[in-house]
Amino acid sequence: MLNFIARRIAAGAVLLVVISLLSYLLLSVSDADVGRQLLGQGADQAAVDAKNASLGLDRPVLAQYADWLAHAVRGDLGTSWFTSEDVGTAVVSRLPVTASLTLGVTLVTTVVSFLLGVWAGVRRGAADRFVQILGVAGYALPGFLVTLVIVLVFAVNLNWFPAIGYTAFSESPGGWLSTVTLPILSLAVASVAGVSQQVRGAVVDVLRQDYVRTLRARGLPTSRIVFRHVLRNASAPALSVLGMQFVGLLGGAVLVEQIFGLPGIGSMTVTYTTRGDIPVIMALVMFTVIGVVLINLLVDTMIGWLNPKARAA
């Protein structure tokens with residue numbers, strides 16, 4: 001297991017270098033004139049050139065990237081070109097917001113998807129058709145339309161939750177819960193649709209195995225068979241899909257945070273990408289890649305624990 005983790009960490013480090021390099025190259029070829037944006041449209045060209053030179057933008061791109069990487073390895077992510085704030089501090093201050101969304105969606109998706117998937121796979125019939133219809137509808141409906149309906153119903157008409165804004169957990173746990181509930185629901189619809197179908201298919205396949213028939217022939221209760229044997233073997237493929245859904249949530253958070261006015265990583269990405277603030281954007285890329293690597297490592301470790309064959313491989 002330790003060798004497996006070490007290999008994954010090494011692969012993650014290589015992935016981080018490759019993606020960060022590609023990101024830096026793409027950002028460097030953009031038409032954004034950072035010096036002009038900082039000094040204003042009325043600044044003379046000599047002042048703009050001097051400002052760009054002070055930021056190191058007159059150097060070769062690979063030299064700029066090597067300098068950023070050398071500082072990033074030491075934990076120095078630089079300073080924002082536009083706000084002059086420490087990049088690491090700025091990103092970390094927004095992480096709890098996005099973490100609240102992604103972890104909340106993952107929890108809701110896991111509980112609801114496994115309940116629906118097991119119910120459909122065991123009961124079959126009308127229950128199975130109902131869950132499959134929900135899955136198709138969850139995939140077919142556009143995310144922005146789902147979010148709009150949720151806001152209109154629960155925030156505007158019923159006034160149960162605020163439509164915009166965020167309250168930190170440290171300030172008020174109840175306020176925090178009320179501000180993240182609607183964003184979590186809007187993101188969870190598509191995730192539940194995908195994972196529940198995977199759980200349902202895996203449960204159906206496991207129930208057809210010979211050892212399940214043997215357990216039933218011995219007179220074991222259905223609930224014991226499902227929760228002690230079927231669910232354990234059906235969880236591995238569902239966890240793989242859940243891991244991919246979690247990675248997709250990082251992209252979905254951009255839209256949701258903009259709609260609900262949440263000061264998270266998603267809204268920060270939009271703001272600073274528009275400005276062309278490379279130090280902040282590169283820090284966001286780094287944190288995203290690290291998060292993806294850690295989630296994949298966690299999912300693979302759990303699959304290995306649930307499935308001895310995968311662990312041996």
(request) Could you tell me whether a side-chain N or O of S54 sits under 3.5 Å from a main-chain N or O of K51, the two making a donor and an acceptor? (result)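 Yes.
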(message) Has S93 got a side-chain atom pairing as donor or acceptor with A90's backbone, closer than 3.5 angstrom?
(response)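 Here the side-chain-to-backbone pair exists.
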(request) Assess the side chains of Y272 and S80: does a donor N or O sit below 3.5 Å from an acceptor N or O? (result)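 Judged by distance alone, the side chains do not pair up.
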(message) Hydrogens and angles aside, do E85 and T79 bring a side-chain donor and acceptor to less than 3.5 Å of each other?
(response)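 No.
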(request) Tell me who clusters with V204, hydrophobic residues only, linked when side chains sit under 4.5 Å apart either directly or through other members. (result)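 Result for V204 is none, singleton.
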(request) May I ask you to list the residues sharing a hydrophobic cluster with I133, side-chain cutoff 4.5 Å, ordered by chain and number? (result)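 Once heavy-atom contacts under 4.5 Å are chained together, I133 still belongs with nothing else.
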Within-4.5 Å side-chain heavy-atom neighbours: [X] and [Y]:
X: M286; Y: S20; answer: no
X: S100; Y: W176; answer: yes
X: P183; Y: L187; answer: no
X: I19; Y: V285; answer: yes
X: F82; Y: T271; answer: no
X: V17; Y: Y65; answer: yes
X: W81; Y: P279; answer: yes

Can you list, pair by pair, the side-chain donor-acceptor contacts under 3.5 Å of residues 260-270, counting residues two or more places apart and other chains?
{"unit_1": "S267", "atom_1": "OG", "unit_2": "L262", "atom_2": "O", "d": "2.9"}
{"unit_1": "S267", "atom_1": "OG", "unit_2": "G264", "atom_2": "N", "d": "3.3"}
{"unit_1": "S267", "atom_1": "OG", "unit_2": "G264", "atom_2": "O", "d": "3.1"}
{"unit_1": "T269", "atom_1": "OG1", "unit_2": "I265", "atom_2": "O", "d": "2.7"}

(request) Tell me, yes or no, whether the heavy-atom count around I164 atom CD1, taken from other residues, nucleotides or ligands under 6.0 Å, exceeds 12. (result)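 No - once you tally the heavy atoms of other residues, nucleotides and ligands closer than 6.0 Å, there are 12 at most.
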(request) Return yes when atom CZ of R59 has more than 12 non-hydrogen atoms of other residues, nucleotides or ligands closer than 6.0 Å, and no otherwise. (result)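 Check passes, neighbour count above 12.
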Grouping I, L, V, M, F, W and Y whenever their side-chain heavy atoms are under 4.5 Å apart, do [X] and [Y] come out in a common cluster?
X: I278; Y: V18; answer: no
X: V73; Y: M282; answer: yes
X: L107; Y: L177; answer: no
X: I290; Y: V14; answer: no
X: L22; Y: V61; answer: no

Hey, could you give me the [atom1]/[atom2] distance between [X] and [Y], rounded to the nearest 0.5 Å?
X: R129; Y: R123; atom1: CZ; atom2: CZ; value: 12.0 Å
X: I184; Y: L103; atom1: CD1; atom2: CG; value: 9.0 Å
X: L55; Y: Q64; atom1: CG; atom2: CD; value: 9.5 Å
X: L185; Y: F154; atom1: CG; atom2: CZ; value: 6.5 Å
X: I150; Y: L182; atom1: CD1; atom2: CG; value: 7.0 Å
X: D277; Y: I281; atom1: CG; atom2: CD1; value: 6.5 Å

(request) Write down the atom of V146, the atom of S186, and the distance for their closest heavy-atom approach. (result)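 Smallest heavy-atom distance, with atoms named: CG1-O, 4.3 Å.
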(message) Could you report the tightest heavy-atom contact between P162 and A155, atom names first, then the distance?
(response)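 That closest heavy-atom pairing would be C-CB, 4.4 Å.
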(message) For D58, give me all partners under side-chain hydrogen bond (donor to acceptor under 3.5 Å, both in side chains), at least two apart in sequence or on another chain.
(response)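 Applying side-chain hydrogen bond (donor to acceptor under 3.5 Å, both in side chains) to D58 gives none.
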(request) For E171, check side-chain hydrogen bond (donor to acceptor under 3.5 Å, both in side chains) against everything at least two apart and list the hits. (result)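 E171 satisfies side-chain hydrogen bond (donor to acceptor under 3.5 Å, both in side chains) with no other residue.
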For residues 109-119, please give each side-chain donor-acceptor pair under 3.5 Å, one per line with the distance, not counting sequence neighbours.
{"unit_1": "T109", "atom_1": "OG1", "unit_2": "V105", "atom_2": "O", "d": "2.7"}
{"unit_1": "T110", "atom_1": "OG1", "unit_2": "T106", "atom_2": "O", "d": "2.7"}
{"unit_1": "S113", "atom_1": "OG", "unit_2": "T109", "atom_2": "O", "d": "2.6"}

(request) Show your working on side-chain contact (heavy atoms from CB on, under 4.5 Å) between V180 and Y166 and close with a plain yes or no. (result) CA-CA 7 Å; V180 300; Y166 175 79; 3.8 Å; yes
(message) Please determine whether side-chain contact (heavy atoms from CB on, under 4.5 Å) holds for the pair V91 and L77, giving the CA-CA distance in whole Å, both sets of side-chain angles, and the decisive distance to 0.1 Å.
(response) CA-CA 10 Å; V91 174; L77 298 178; 5.8 Å; no
(message) Using the rule given for side-chain contact (heavy atoms from CB on, under 4.5 Å), can you reason through Q197 versus V136, listing the C-alpha separation, both sets of side-chain angles and the distance that settles it, and then say yes or no?
(response) CA-CA 9 Å; Q197 293 300 307; V136 173; over 6 Å; no
(request) Let me know which of V289, V292, V293 forms a side-chain contact (heavy atoms from CB on, under 4.5 Å) with L16. (result)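 The option that passes is V289.
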